Every structure is written in structure tokens, then in C-alpha cells.
Amino acid sequence: MRSASSANAQTEQCLDLATAWSKHGQPEAEYPQSRIAQSQATLRAAILAVMTAPESSPASPSARHLTTADIRRKFLEFFQSKEHLILPGHPVVAPDPTTMFTVAGMQQFKPQFMGAPAVFNEGASKRVTTAQKCVRMDDIENVGRTRRHLSLFEMMGNFSFGDYFKRDTIAWAWEFLTSPEWMGFEPERMYVTIYVDDDEAFRYWTEDHGLPADHIHRFGADENFWPADAPLKGPNGPCGPCSEIYYDRGPKYGDDTWAEYADTRESARFLEVWNLVFPEFDRQGLDENGEPILAPLPFKNIDTGMGLERVASVVQDVPDFYTNDIFAPIIGKIAELSGRPYEGEQSVSHRVIAEHARSVSMVIADGVALSNTGRGYVVRKVLRRASRHAYLLGLNEPSIYQLVPLVVEKMKDGYPELVAEQERIQAAIKAEEERFLRTLEGGIQRLSGLLEDLGREKVLSGEDAFTLYDTYGFPLDLTQEIAAEHGVEVDVTGYELALERAQETARAGSRFGKSELFDAGAEAVQNLPQTEFVGYDQLDAEGDVLAVLEGETAGHKTVVLSRTPFYAEGGGEVGDTGRLEWSGGEGRVLDTRRVGGVFLHEVEVLSGELSQGQSVRGVVGPERAAIQRHHTATHLLHAALRAVLGSGVRQAGSLVAPGRLRFDFTHTAALSQEELAAVESLVSRWVSANFPVSWQEMPIDEAKAAGATALFGEKYGDTVRVVRVEGDVDYSGQAVSSMELCGGAHVRRTGDIGAFVLLSDENVAAGVRRIEALAGEAATAWVRERLSASAKAAALLNTSPESLEDRIAGLQGQLKASEKEVANVKRQLAEAQMGGGGSADTRELGGFQVASLKLSGIEGGELRGAADRLLEQSGADIVVIASDKGLVVKATKDAVAKGAHAGQLVGKLAAAGGGKGGGRPDMAQAGITDAAGALGALETAF
RNA sequence: GGGGGCUUAGCUCAGCGGGAGAGCAUCCGCUUUGCAAGCGGAGGGUCAAGAGUUCGAAUCUCUUAGCCUCCA
């Protein structure tokens, strides 16, 4: 618990660096116009400087011509020269479930900060350095509107796991920033903040580096402590002071002074570029006087974060991130595509599009698929915000995807994986842009309908505006803009009320749905030892009963054994079933689940008693063999999909059961028949080649280094099991190479799978497809069933299965022709009975000429047709046609005008004819059973 | 996980208890030596699937599926 919460606080601390300018609740000022003109000029100068790159520019530090990529590289090189191990940053998909995305440089090192050995794929080292892409998408409304909110930013970090401490990290930060060999910042422009009583840091800054005392400011625990306010408020655990480094960008960025900054903590001139955190205490609560107890930590860590974009803006002397070497060209491209220059109010849109295009590309590259839920939804929202701004710039065709090559070009130095993913990123963004533009179009149509209905009212209700947003995805600001064009205002207060209400119901709704049923059992099981699982090799094993609990359904028991051959549900594979035997009794195992490392067997006791301490024999049932076939088949399917569709395929979930397998994976388009056939035959070939399947346990780092496929968002322990299928098919050259982290049960050789058949490919979410398939007996049984079904169908139609298609098409044609003919015949029958209208009985009733006619064997539609013809032929005002199935009354327009009402008439007649009915004044019908009775009531009905 | 909406002709959609429609597209005539031509006509539908309510359901209710959308 302690580790998670303090880690979380750490995370927030790092985020604060990125948003320091707004952390005190003061929203940042909107973009000042004068600064934009200035920034354009500076932008050109910066780009020019980058391109011509003189060895040393007189007006600036020697580092001024560095690109962002240069700075990133130099940072890593610098710390490598200080004996740090360069590690790759973690994907933006968070390494732990406490956050949705990776939000801090240290996040992947939480285990090391908690004492785990500092051993990585790249080697063992207590000093590491990384470039970490961090994603923060929960507060995107400010991105583009302010100087330096970004939804994706890069944290350069150097970390010590119980190695060097405060003095070294201060010295290195100073050297990297001020040495002309590295960043070359002028020392007289450097300022730092320290924790109020951190005299040690003060000494290092002043004595080691000659920083004047008036360039150092002391802040309290709210500002210069990690986690913020930890001494008084907790949490307990590792904590410590921190020191932030600022750079004075000079009076052209504002007239404020450092003293003013210390007071208001708001400044455009003084830019925080680096935060050094010194966790040196173990908080152990408060003493009797309410003072915090801060014991020294046995080993001290260092955790730092240098904001790459911030340092780059200092180095390049640009007023904000958007004029740096990464964003400037992207913004230029947006101006080019839209034909709208980067100036004035609309420049917000350029910034939003550029920033979001970069962050969304990076996130998609790390395997996040745009979707309607969770992480995928957050990314989609960000992309839609960009799309909306593109629309505001007059881009009403997909265009953001065209920025991707630029993003890749600018970022690939630090993140080479982008290159291989470029096409996939573009496809995903383009598809989403198309969808959004369709949504906008529909919304515009709907909105203009609403505006028309408004008439002379000048306010569109908040309800309507909210429905547009909530149901049709049409954003409020566009609603306002279009309404304004019609001189209509939008009731924003009403909109916000409706939004709040909707959020409330969504929250309330999602609170349920957790299975609380099982929690009681989980507690009882918590203190039991881990179950020894032997089921990979043995299907029959002895164990002792450690606990017997009430089962999930009445009469069943939940049994915990010391040792078991039963596999517990996990990794998509269902739990094992089978038998338990003991002296004096036996039971059926219906399901096996696990809580942590404790296996729970759901048992139906057939005879005898089960009690704690008893020795029992577990025998796994025959379903296991079928499960193993399906599980290995799933791995082959995964490999085949990647072979046929490309490496864009990533597993997104799976189910392995004795009777079938289901595999979800990321892919944007439906699979063609050819692709399905290719995948199926590839798997079949690998099956018949009878490759060996092997598995072994190894440290997770080793497995990842070997290239084993791990699942996104899945948590693995230190030791993992790797299942491998490798081999080459002699006659086709189609090699299989499958290596997955997997705890499931598998067959020994691929040949054991037997048969393999793909059943279906369907869409489960945007960008995710699902394949169902069968292996072994389930597959052959399915094929047999299909064959016999088509044989039976063919027999019914007196044809062969091969010509079923033609035969059915032929019959359909015949059926349609027959239906038409029947309709014709019925019409003729009605006409014959009408005898050209002559057989109708016409009389005057209630001032109308009323023609009535009794037909037999005619119903519904034909009665109406007959009534039409009778109305024409007889020249009557009202016609009544009845059969023993129905009744139709029609009246001419004139008759209706004079007060005739077919609907009322039919009600009375139907009642007399044993039925009910109704209709319009000019036409009405009823279902009746007695035609004579209905017609007999004609006189009295008027 | 929860809320809202949609599904009708090849396409875009209207209709929302009482005869399945429009525009575009297709085909056939006529007119016209021309740019999205004009006029007349025809073909094309399991109104997503299933159950229910009703004398009667595209229309109301429920279930299911697919899609869109907002939220967690």
C-alpha cells in the first residue's frame, strides 16, 4: 500500500514540473498577440540558426544551434560519461495500473526505488538515465491556449538506486546546464529553489558552484518536498526535499524579478527546467507533539526530471514550445495545408493540431488503439479536439494524418520505433478523422433543423445543445459558432447542468458490476500458503486439503489444496474440471480459479465428506487435452495473423476453452476471404509439420530481451513462463516463430492439435477484430456437422450440395414470381366477385351514396384495392366492403368534407361483425369474422 | 461498466398506430448533336433479427445484434 501511494505522489510531483505555471490555481494568461509576432520572427531566426549552425554564436551560448534531438542525445551521453546505463524509456502505456499512461520518468523504476535489484535487459547498474515520453491527457483544454501545456512531453532523467546522492546530482545538473561543452547556460542566469531547511543543498549550490545566495530561494514542503507536504500530511514511507533549477530568460520575456517570482510563483521570464528529488527520509508518522518523525533511509535514491522541451526553448531562445525545432515545421505544414497563416486568434488551432498530432502519433505507436473505452477513448478525445480545430481552419477533409511523417521525422531520433509504425499510425488517424467529419456533418444537419424549429426565439436550449453533444458527438463550441451565425445564443448554463447530471448517472452506474460475491472467500484464503501447481506435466496428483469453504452455489464446496494438477482460470484459459478422490468419498471439480497464488476448486461432493487435513487425489478431466489443443492453436493463430497481416497485429484478449477459442487483436479492416484462407492454411501447415512446443521459466527481462511477446497492460511477475513454437516447413519455406509469455497449458507437439478451422472474423471495437476458431475434435465435429447440414439441405431440395446455391437462387425467383401471381389472382378474384361494380348494393344513408359489397376469401390489402375500384366504378360517396376476414370503408374527399367519417363507421360495423377496427376519416379497416352481420348493421350505423 | 441515438430501395434519408415514400443512381421510351440536360415510365424493400401489445405494427413495448455518440 505504502509503495503505491508514495509512488503516486512521486508521479504527481513530476507532473508538477510540467505544469508548474498553473499549479497554484491561476490559469495561465491567454496568448498575447504581440508575442505571437515576436515568436514568428524568432521562429524564423531559430530555424535559420539550426540550419546554418555556426560553431559559436556571439550573442548566445555555444549550444544555441542544438535541436531537441541533439539535446536529448547529449543528455544521455553526458550521464553515460558519469557511468550511467542508458535505458530505453517505457512505452506510454503505464507500467503499473496506478495511472493510465506513463506520467513520469521514474515510473518504470518504482520497483528499484522500493528495493528491487537494479538489473535490466541492458545490464545491472545502480545509475541509469532515460528519455521518457510522458503523457498527460486529463487536462487537455489548456493545450494550445497557453504557453506550455503539452499532452505529451519528454522527461530526461538520471536515477540513482542507493548509489550517489545529493552532492553529485547537483554537481552534474550544474555541469550539464552551464558547461560550454554541453548546454552552455550563463551561470549568472541560473536560479534554484531548495527546501526551507535543506542547508546541505544550499552549501553545495553556493560553495561547490559559486551560486550567489540571492539566486537561491527556500520554499516550504508544499513546493520543495516530495511528496508535496509529506512531512505533515503523509503518506508514510520514503520522502525528501527537492531542488528546482530555473533559468532567467531575460527581460524580453517580462519585467518581473526573481523576488517577484518567489512571491507569486508566476513568471514568463524564469523557467523551471529541472527538478532534483532527494528521497532521504522514511516518514513514520507524527510524534506526541504532532511533529513528523523522519528517520533517515538506509539507502538513498536520486530521481530527477529535466523538461526536454523547456531546455530546448532556452537553448533555441524561442518564447514557447511551439516555435522550437519540432513544432515549428509542423505548424508550418498546417498553415500550408489550410492556407491559414499562423497568426491571430486562429493560431490556437495550429498549436492544438500540432501538439495533438504528435502526442496521438506517439501513443498509437505504442500500441494503443482508438476505441470507445478506457485509454483508447482518451486518445480519441484528444484527436477529436485536434480534428475540431482543423475544421475551424477550414480543413473539412482528413488532414491531420498528413502530419504524421513530419512527426516521425522529428521524433525518430529518440524513438526509432515510430518509423516502422508510421503507416499504421496514419491509417488509424485518417480513419478517425473520417469518422469525426461524418459526425460533424450529421450534427450540422441536426443543428440547422433545431435552429429552424426555433423560429423567432433567439436562445437554443441547453438541453438541445447537450443532446447534440452527448448523443451525436457535436461539440459545444461548434454549436455556439453556428448558432451565432443565425443570431442565436446557446444556454450554456443549461448545457452544463445537463452534462453534470449525465456524469452523475454514469458514475453511479459504474459502481456496480464489481463482483463482491467472492470477496469474503478471498479474505479467508489470504493467509493460506501458495498452492503448488503441478498440472503442466501431471494430470493426476496427490495433495492435502488446506481449507473447505462454502462454494459459489449452494451445496458446492470451494476447496484449497496444498498441491494440485488443476489449472486455474487465467491468461484467457478457462479453469480445469475433473475429479477428486479420497478414502471414503469422491467429488467432481466443476471449475478452478485462483486468488493470488492460492487455487480454489469448486467441488460438488458426490459421496463422503471433505475435511481439512485430508489427503486427496486430483484427476484432471479429458477436457484438458482439448484446452491444450486450443491454447497452442491460439499461439499459432497469433503468429499466422502477424505473418499474413503484418506486425500491426497485437493480441487484445483471448478465450481458450475446451470447445473453442476466441482471439481478439488490433487490426483496422475486415479480413478478406483470401486473408482468412491464408491464415487458416498457414496454421494447418504448422500443425501438420508437427513442430515441438517447449516452455521454460526465466526472468522477465531475459524473456523480453529474447523477444517474447507480452501483452499490453498485463502484469507479470519477476519470473515468467515462456512458451515457444519454432520450426520451418520444408516444402513451403513458411517458418513459424512464436514466443509468448504465457502461463497456460499446451500440447507437446503442434501435430497434437489435429484439425484447425477458422469460424468467423468480426468487429468488436474500433480497430479490434475477433476471430473464433476450433481445434482438434471440436474442429472435425464442426466440419462434419456443416457437411451433414448442407447434405440434408441439398436432399430436401433434390440436389447436390455443390449446386445448392444455384438451386436456392432459382427457387427464390420462382417464389417471387408465384407471390406476384397469387396477388394478381386475388385481385382478379375480387374483381370477378364485384362484377364491375354491378353487384354492389347502393343506397342512400345519412345523405351519402353508400355502396356496399360482400366478398369471400379476400383479406387486407386486396380489400383495400377492391374498395378503390368500387369507389371509382360506382361513383358512390362511401364504399363498404366486407368479407369473413376483414372490413374496409373508404370515403371520397367530398364526403369527408361533408362530415363522413370512415373510422367511426368502421367501428360500429366491426362491432356488429364480431371484431374491432378503426382508421382515418377517408379510410378505415377492421378485422371481423361475420361479413353479413357487419353489412346488416349498415342502416343503423348512420 | 453506464447513459443517449441510429438501423426503411444500390446510395442519402423522410414517414413514427390504419394504403411503404422522396431525391440521387439503374433500366426503358420520348425530346435534345453540348457542360451534373429535359419530359414520361419501369424495375428495385423479410422497414436489422426475434418475441409481445393490438382488429391492425416500419411506427408502441421487450430481447438480441451491428453501428454512432457521451461519460466512468
Side-chain angles (χ1 to χ4, degrees), chain A residues 100 138 370-378 380-381 384-385 431-432 434-443 445-446 449 463-476 479 495-496 498-515 670 760 762-770 812-813 815-817 819-820 823 827 859-869 871 881-891 901-931 934:
Chain A
M100 202 172 240
D138 46 355
L370 302 174
S371 80
N372 280 335
T373 52
R375 199 157 17 222
Y377 178 63
V378 174
R380 207 181 92 166
K381 259 201 327 207
R384 289 207 159 194
R385 180 162 183 262
E432 181 59 28
E434 280 166 355
R435 218 180 351 240
F436 184 59
L437 287 166
R438 266 204 306 279
T439 299
L440 286 188
E441 216 170 283
Q445 222 174 335
R446 191 156 287 272
E463 288 283 326
D464 281 343
F466 180 69
T467 306
L468 271 172
Y469 173 67
D470 184 57
T471 302
Y472 300 102
F474 199 72
L476 177 66
T479 301
Y495 171 90
E496 276 161 4
L499 177 65
E500 244 167 70
R501 249 197 323 267
Q503 285 177 333
E504 199 46 53
T505 52
R507 257 193 296 275
S510 65
R511 258 181 220 137
F512 301 92
K514 278 183 188 165
S515 90
S760 61
E762 60 184 349
N763 200 328
V764 279
V768 179
R769 299 204 66 85
R770 168 173 296 174
Q812 272 176 333
L815 182 64
K816 200 158 257 188
E819 277 170 354
K820 274 192 178 170
R827 203 177 313 124
E859 61 185 314
E862 279 72 37
L863 279 179
R864 277 195 304 266
D868 276 336
R869 277 185 294 283
L871 204 57
I881 296 191
S883 78
D884 45 5
K885 287 182 174 157
L887 170 72
V888 170
V889 177
K890 294 200 71 147
H901 196 294
Q904 287 166 14
L905 192 54
V906 96
K908 292 173 192 165
L909 297 181
K916 279 203 260 182
R920 304 183 308 241
D922 65 315
M923 204 287 289
Q925 52 192 322
I928 60 170
T929 52
D930 178 10

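For clarity, every value in this text was computed on a predicted model and none was experimentally measured. Order of the sequence lines fixes the chain letters, A, B, ..., with proteins taken first and strands second; residue numbering starts at 1 for each chain.
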To the nearest 0.5 Å, what is the distance between CG (A:D930) and CD1 (A:I928)?
-> 7.0 Å
Side-chain atoms of A:K381 come closest, of B:A72, B:G3, B:G18, to B:A72
Listed by chain and number, what are the side chain to side chain contact (heavy atoms under 4.5 Å, CB included) partners of A:A931, not counting sequence neighbours?
-> A:K854, A:A882
Here RNA chain B, pairs taken as Watson-Crick or G-U under 3.5 Å and shown with ( ), [ ] when crossing and | when to another strand, reads ((((((((.[[[[.)..(..]]]].(((((.......))))).....[[[[[..)....]]]]]))))))).
Evaluate the side-chain proximity of A:P475 to A:L468: yes if any heavy-atom separation is below 4.5 Å, no if none is.
-> no
Report the distance from atom CD of A:E500 to atom P of B:A72, rounded to the nearest whole Å.
-> 12 Å
Whole Å only: how far is the CG atom of A:L370 from the P atom of B:C68?
-> 12 Å
Residue list, side chain to side chain contact (heavy atoms under 4.5 Å, CB included) with A:Q503, at least two apart or on another chain | A:L499, A:R507
Does A:A924 or A:F436 map to a spot on RNA chain B nearer the 5' end, using the closest nucleotide for each?
-> A:A924
Minimum-distance nucleotide (side-chain atoms of A:R380 versus B:G18, B:C68, B:C70) = B:C70
RNA chain B nearest-nucleotide lookup for A:M923 and A:A502: closer to the 5′ end is A:M923
Here the distance between atom P of B:U69 and atom CG of A:N372, to the nearest Å, is 7 Å
Report each atom pair, protein N/O against N/O of nucleotides 5-14 of chain B, whose distance is under 3.5 angstrom.
from	atom 1	to	atom 2	distance (Å)
B:G5	O2'	A:Y472	OH	3.2

Between B:G18 atom C1' and A:H901 atom NE2, what is the distance in whole Å?
-> 12 Å
Partner residues of A:T467 under the side chain to side chain contact (heavy atoms under 4.5 Å, CB included) criterion, sequence neighbours left out | A:T471, A:Y472
Phosphate oxygens OP1/OP2 of B:C68: is one of them under 4.0 Å from a side-chain N or O of A:R438?
-> no
Could you pull out all residues at least two apart from A:F466 that satisfy ring pair (Phe, Tyr, Trp, His ring centres under 6.0 Å)?
-> A:Y495
Does the side chain of A:R501 get closer than 4.0 angstrom to OP1 or OP2 of B:G3 through an N or O atom?
-> no
Which pairs, protein N/O on one side and nucleotides 54-59 of chain B N/O on the other, fall under 3.5 Å?
from	atom 1	to	atom 2	distance (Å)
B:C55	OP1	A:K916	NZ	2.4
B:C55	N1	A:K916	O	3.0
B:C55	O2	A:K916	O	3.1

Pairs meeting criterion side-chain hydrogen bond (donor to acceptor under 3.5 Å, both in side chains) with involvement of residues 910-921 of chain A, two or more places apart | A:R920-A:D922
To the nearest angstrom, the CZ-C1' distance between A:F474 and B:U69 comes to 13 Å
Can you check whether A:R384 reaches A:R435 side chain to side chain, under 4.5 Å on heavy atoms?
-> yes
Checking all strands, does A:T439 fall into the base, sugar-phosphate, or nothing category for heavy-atom contacts under 4.0 angstrom?
-> sugar-phosphate
Can you list the residues that meet the salt bridge (charged side-chain N to carboxylate O under 4.0 Å, His left out) rule with A:R501, with sequence neighbours excluded?
-> A:E463
Answer whether the closest heavy-atom distance between the side chains of A:R380 and A:N372 falls below 4.5 Å.
-> yes
Partner set under side chain to side chain contact (heavy atoms under 4.5 Å, CB included) for A:A867, not counting sequence neighbours = A:V879, A:I881, A:V888, A:K890
